[in-house]
Structure formats: C-alpha cells, structure tokens
2 protein chains.
Amino acid sequence: MDDRLSLTFAALADPTRRAILSMLLEDDMAVTDVAEPFDMSLAAISKHLAILTRAGLISQEKRGRVKWCKLEPAALKDPSVWMQGFGQFDPVNLDDFERYLETLLGNGAAPPEVG
Amino acid sequence: MDDRLSLTFAALADPTRRAILSMLLEDDMAVTDVAEPFDMSLAAISKHLAILTRAGLISQEKRGRVKWCKLEPAALKDPSVWMQGFGQFDPVNLDDFERYLETLLGNGAAPPEVG
DNA sequence: ATCATCGTCAACCGGATGGTTGAATATGCC
DNA sequence: GGCATATTCAACCATCCGGTTGACGATGAT
C-alpha cells in the first residue's frame with residue numbers, strides 16, 4: 001500500500017522508528033548520532049530513516065558530509081484527524097481533549113508522557 | 001513487534017482494514033457482511049478482522065452461527081495521545097484542536113471528513 | 001438426518017520488511 | 001594525494017504479510 005495514510009501508519013508501526021522520532025523531538029540529528037544508542041548496524045538505521053522520510057515524518061538535508069534529520073510533525077496531522085473521526089464517539093477521548101487543552105492554556109504545554 | 005502501539009499502528013496501515021473500521025462506525029456487522037463490498041475472499045477478510053481484533057480495534061462476539069464485529073474506538077486513544085506528543089509542537093495542529101472543540105460545543109459534533 | 005450457511009484453518013505463493021555484511025561513494029582534513 | 005569519517009548501496013537471509021484455494025467444524029433450517 002503506497003497511499004500516504006498507509007505509509008505513515010506503517011512507518012509508525014515500529015518501535016525503533018518511534019524511538020527515532022522521539023529523539024528528533026529534542027533536536028535535529030546526524031544519521032550517525034541517531035544510530036548511536038541502537039544495537040543495530042548503521043545501514044539498518046539508514047533504512048529506517050528512509051522509511052520515515054518516505055512517509056514524510058522526517059526530512060533529511062545533507063550539509064557537508066553529514067546528513068541532518070529533522071522531525072516533520074505536520075505529517076502526523078492527517079493520521080491524527082483520521083483517528084479523531086473514530087475517537088469522537090468515545091467520551092473518554094473527549095475528556096482527554098479537554099484536559100489537554102486545559103494543560104495547554106494552564107501551564108504552557110507539558111508533553112503527555114506515553115511509551 | 002508485538003507491543004500494543006506497534007500492533008495498532010500496523011493494523012491501521014492497510015486501506016482494507018481502515019475501510020472496515022469505517023464501515024463499523026455505522027453499526028456492528030457480521031463477518032460475511034463486512035466482506036461483501038470487498039473484491040477478496042472471505043478468508044482474507046477473516047484474517048484482516050483477526051488483525052484488527054488482536055490490536056483491540058474491534059471485538060468479535062459469536063451469537064448463533066454469526067460472528068458480530070464491533071468497533072472499539074478506545075483502542076485509538078493511546079496512539080492518538082502518542083501522536084499528540086509530537087503534534088503539539090505544530091501550531092497548525094493546535095488550531096485544529098480548537099476548531100474541533102468549537103465544533104463539538106457549537107453544533108453537536110459533525111465528524112471531520114477525511115479519506 | 002440432511003443440507004446450506006457462517007466462519008476459520010492449513011497449506012501455499014509472491015512480495016515486502018528488518019536485519020546482516022562488505023564494498024562503494026562523498027566529503028573533509030592534513 | 002592519501003587517509004579518515006559519514007552514509008548509502010547491493011546482495012543476501014529469515015520472517016512476516018496479504019492474498020489464494022480447499023477442507024473442515026459449527027450452527028441453523030427443513
């Protein structure tokens with residue numbers, strides 16, 4: 001399946017790739033630095049990054065000999081909206097939304113901690 | 001990968017399965033009826049339903065000789081929250097949230113139309 | 001009892017996925 | 001030029017995935 005939604009969900013369906021995205025929340029990173037904490041070859045990480053790029057979840061820009069990886073959170077918008085089409089029928093989710101918005105307005109957007 | 005988040009994202013990474021979930025928004029359905037609109041064997045649909053069940057996105061209950069499939073939107077909560085950890089850094093997404101909440105409070109929750 | 005219907009199981013197939021290793025391609029440094 | 005660093009490419013491997021078909025087990029109808 002090569003439609004965007006499928007590509008994005010598939011890209012997210014791997015803990016290594018989700019960990020990479022979390023790392024990139026902090027800051028842009030070089031491929032080598034992304035690979036460092038993982039017990040896996042650089043080539044494997046390079047493939048994961050290619051998949052994330054194809055899904056639009058990150059972008060890669062080569063400056064000198066190092067390729068910088070940058071998070072592209074906008075790519076999560078469509079999947080998120082798609083899911084809300086279901087979530088809205090669940091009252092629990094509505095509560096979450098309200099709490100989330102209060103968090104935002106209240107103390108300046110602390111990220112929800114979720115595995 | 002057999003952690004919940006991976007299972008759920010993987011389950012969503014297939015257009016047939018997303019279509020099934022959309023169908024189940026309308027009402028609970030028997031397996032045969034779920035399969036009807038698809039150009040694919042019943043066994044294939046049965047497998048898709050098993051994957052959705054394993055991810056917790058639907059539940060199946062056998063009554064008589066027909067097995068009813070029921071949407072379980074709560075399973076979308078964790079993935080949704082996980083994504084919000086990224087989305088909140090994207091101002092466009094915040095606008096969406098506010099608009100969404102206004103929609104809710106205003107006219108009684110019209111579903112966001114997204115393919 | 002027999003027959004049709006509902007759904008899954010088992011075996012198979014081709015193609016994708018996630019990983020490895022070793023060679024190859026840039027690029028930067030001296 | 002020559003060497004080290006950064007990253008990808010290519011080939012390979014085992015496993016998973018999405019689909020098929022045919023047989024099978026349950027259940028309901030006559």
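These numbers come from a predicted model, not from an experiment. Below, chain A is the first sequence line, B the second, and so on; all start at residue 1.
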> Can you confirm whether B:Asp14 sits close enough to A:Ser6 that some side-chain heavy atom of one is under 4.5 Å from a side-chain heavy atom of the other?
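Answer no - side chains too far apart.
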> Reckon A:Ser41 has a side-chain N or O less than 4.0 Å from the OP1 or OP2 of C:dG19?
no
> May I have the distance from B:Glu36 (atom CD) to C:dT5 (atom C1'), rounded to whole angstrom?
16 Å
> Take atom CD1 of A:Ile51 and atom P of C:dA16, then tell me their distance rounded to the nearest Å.
13 Å
> Within this structure, what is the CD-to-C1' distance between B:Glu61 and D:dA26, rounded to whole angstrom?
16 Å
> Considering only C:dG19, D:dT7, C:dT27, which nucleotide approaches the side chain of A:Val66 most closely?
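So the side chain of A:Val66 is nearest to D:dT7.
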> If I compare all heavy atoms of B:Ala75 with all of B:Thr8, which pair ends up nearest, and what's the gap?
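Shortest heavy-atom contact: O-CG2, 4.1 Å.
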> Below 4.0 angstrom from OP1 or OP2 of D:dG18, is there any side-chain N or O of B:Arg17?
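So the side chain of B:Arg17 is within the cut-off, an N or O lying under 4.0 Å from OP1 or OP2 of D:dG18.
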> Under the side chain to side chain contact (heavy atoms under 4.5 Å, CB included) criterion, do A:Thr32 and A:Val66 qualify, and how do the steps go?
CA-CA 8 Å; A:Thr32 306; A:Val66 13; over 6 Å; no
> Please report the shortest heavy-atom distance between B:Ile58 and B:Glu72, naming the atom on each side.
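Answer, listing the atom of B:Ile58 first, then B:Glu72: C-CG, 3.7 Å.
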> In whole angstrom, what separates B:Phe38's CZ from D:dT20's P?
12 Å
> Could you give the side-chain donor-acceptor pairs of residues 33-48 of chain A under 3.5 Å, partners two or more places apart or in another chain?
| unit_1 | atom_1 | unit_2 | atom_2 | d |
| --- | --- | --- | --- | --- |
| A:Ser41 | OG | A:Ala44 | N | 3.1 |
| A:His48 | ND1 | A:Arg17 | NH1 | 3.1 |

> Send over the distance from A:Ile20 CD1 to C:dG18 P, rounded to a whole Å.
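About 11 Å, once rounded to whole Å.
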> Can you tell me how far C1' of C:dG18 sits from NE2 of A:His48, to the nearest Å?
6 Å
> Provide the closest heavy-atom pair for A:Met83 versus B:Met83 in the form atom of the first, atom of the second, distance.
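For A:Met83 and B:Met83, the tightest heavy-atom pair comes out as CE-CE, 3.7 Å.
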> Once you round it to whole Å, what is the distance between C1' of C:dT5 and CG of B:Asp33?
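Rounding to the nearest Å, CG of B:Asp33 and C1' of C:dT5 are 12 Å apart.
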> Using whole Å, what does the distance between atom C1' of nucleotide D:dT27 and atom CH2 of B:Trp68 come to?
15 Å
> Want to settle it: does A:Ala44 or A:Arg65 sit nearer the 5' end of DNA chain C, counting the closest nucleotide to each?
A:Ala44
> Can we say B:Asp3 and A:Arg18 salt-bridge, meaning some charged N sits less than 4.0 Å from an Asp/Glu carboxylate O?
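Salt bridge between B:Asp3 and A:Arg18, a charged N being under 4.0 Å from a carboxylate O: yes.
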> What does nucleotides 8-16 of chain D look like as a protein-contact string, B for base, S for sugar-phosphate only, - for none, at under 4.0 angstrom between heavy atoms?
BB-B-----
> Between D:dT20, D:dA6, C:dG19, which nucleotide has the shortest distance from any of its atoms to the side chain of A:Met40?
C:dG19
> Nearest to the A:Ala30 side chain among D:dT7, D:dG19, C:dG18, which nucleotide is it?
D:dT7
